[in-house]
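Scroll down for the structure; my scribbles are underneath it.
So that the names make sense, note that chain A is the first sequence line, chain B the second, and so on, each numbered from 1.
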2 protein chains.
Amino acid sequence: MRDLEGYFKGLSDVTRLRIMNLLLQGELCVCDIQRIVEGSQPTVSRHLNYLKHSGLVLDRRDGLRVFYRLAKENNADLRALHHFLRRVFKGKGVLENDVKELKDAMARGACAVPTPFRAGKPVPSDATASRAPLQAS
Amino acid sequence: MRDLEGYFKGLSDVTRLRIMNLLLQGELCVCDIQRIVEGSQPTVSRHLNYLKHSGLVLDRRDGLRVFYRLAKENNADLRALHHFLRRVFKGKGVLENDVKELKDAMARGACAVPTPFRAGKPVPSDATASRAPLQAS
DNA sequence: ATTGTATATGCGGATAGGCGAATAAGGCAA
DNA sequence: TTGCCTTATTCGCCTATCCGCATATACAAT
């Protein structure tokens, strides 16, 4: 009940909706999210913090990076919510474009980790160029 | 997208969630809603107005009373939302108790109109005692 | 320790939301 | 008209969000 209210507050912002849409694709690091939603770094960080305190996402640190993922573990409401979000996010131009940009970034070597997150380093194949995570090789 | 943000803002309050839960049962007049959520009359009115401007509910006046109902007409997102709400509202003590109180009130002759709202007077069988809509006969 | 990168937090101002108290407005009935 | 009932709106106050800017923290590498 209070949980629900919190979830909805968390979703009451376009930027956070875009972030949730991205996280439905899998775990992502802050820098990749920021690059796609094009907000200032503090703004994105605060939105992520808001989502975290709403109980919608979880985070973990790996070295310099912090990775965010949906908090779906053993919670029926959250699973229903994800199902609903996947449904209503369909056909929303901005959101679908964000996913497209994300896929492009991943293909070019973003620092994100594929869906069922693996424990290792988040850096892709050619790990030497670690300065700008999204630079093409 | 903006619509979605508005829907979620509309749902970001416990009182409004309770109202939405009641309206899932069918069209209701303000006085019945107020009696159940136990807020002040201005507070309930403002929440209803907020829901209306979020695009979540519609209203119509019938004499002294104003009736509110869910705005589901030809909108796929709203239909998905209602489905989701029905799902997550299940098992929430406060909400289920509200519905119980609503059904009791209807049985005692509330001013509400059954689900697919009929056009006639909202007053139940014994229309003479119209002072306090929820008084038992 | 120092430097550099990634992320978080503090502060200030602007805007929005929430509630109580009082008042206004819409509508029926005598 | 007057009076009454139901609902909406205004006002004032307080709290919560949102953002930009600056600064702090966490970590890695040298």
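- In this structure, the side chain of A:Q34 does not engage the main chain of A:V44 through any donor-acceptor pair within 3.5 Å.
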**salt bridge (Lys or Arg N to Asp or Glu O under 4.0 Å) between B:R60 and B:E27, intermediate numbers included** = CA-CA 10 Å; B:R60 74 179 171 97; B:E27 191 183 45; 2.7 Å; yes
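- Counting to the nearest Å, the C1' atom of D:dA8 and the CG atom of B:D59 are 11 Å from each other.
- No side-chain donor-acceptor contact under 3.5 Å links B:S45 to the backbone of B:Q41.
- No donor-acceptor pair under 3.5 Å is formed between the side chain of B:K100 and the backbone N or O of B:E96.
- Here the P atom of nucleotide C:dG18 and the NZ atom of B:K9 are 11 Å apart, to the nearest Å.
- Stacking of B:R16 on the aromatic ring of B:Y50 is recorded, both the 6.0 Å distance cut-off and the 45° axial limit being met.
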**Request:** Heavy atoms under 4.0 Å is the rule here; annotate nucleotides 19-27 of chain C 5' to 3' with B where the base is hit, S where only the sugar-phosphate is, and - elsewhere.
**Result:** BBBB---BB
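- Remark: the backbone N or O of B:L48 is not paired with any side-chain donor or acceptor of B:R46 at under 3.5 angstrom.
- Taking 4.0 angstrom as the limit, A:R65 places none of its side-chain polar atoms (N or O) nearer than this to OP1 or OP2 of D:dA28.
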**Message:** Please determine whether side-chain contact (heavy atoms from CB on, under 4.5 Å) holds for the pair A:L24 and A:V99, giving the CA-CA distance in whole Å, both sets of side-chain angles, and the decisive distance to 0.1 Å.
**Reply:** CA-CA 10 Å; A:L24 280 170; A:V99 171; over 6 Å; no
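- Regarding A:F67, its CZ atom lies at a distance of 11 Å from the C1' atom of C:dA6, rounded to whole Å.
- Taking atom NZ of residue A:K52 and atom P of nucleotide C:dT7, one finds them 13 Å apart after rounding to whole Å.
- A straight line from CD of A:E38 to P of D:dG20 spans 13 Å, rounded to a whole angstrom.
- Looking at the side chain of A:S45, the nearest of the listed nucleotides C:dG18, D:dC18, C:dA8 is C:dA8.
- D:dT7 atom P lies 13 Å from atom CD1 of B:I19, rounded to whole Å.
- In this entry the distance linking CD1 of B:I33 with C1' of D:dA8 reads 14 Å, nearest Å.
- Here the P atom of nucleotide D:dA16 and the CZ atom of A:F8 are 21 Å apart, to the nearest Å.
- At the phosphate of C:dA8, OP1 or OP2 sits under 4.0 Å from a side-chain N or O atom of A:Y68.
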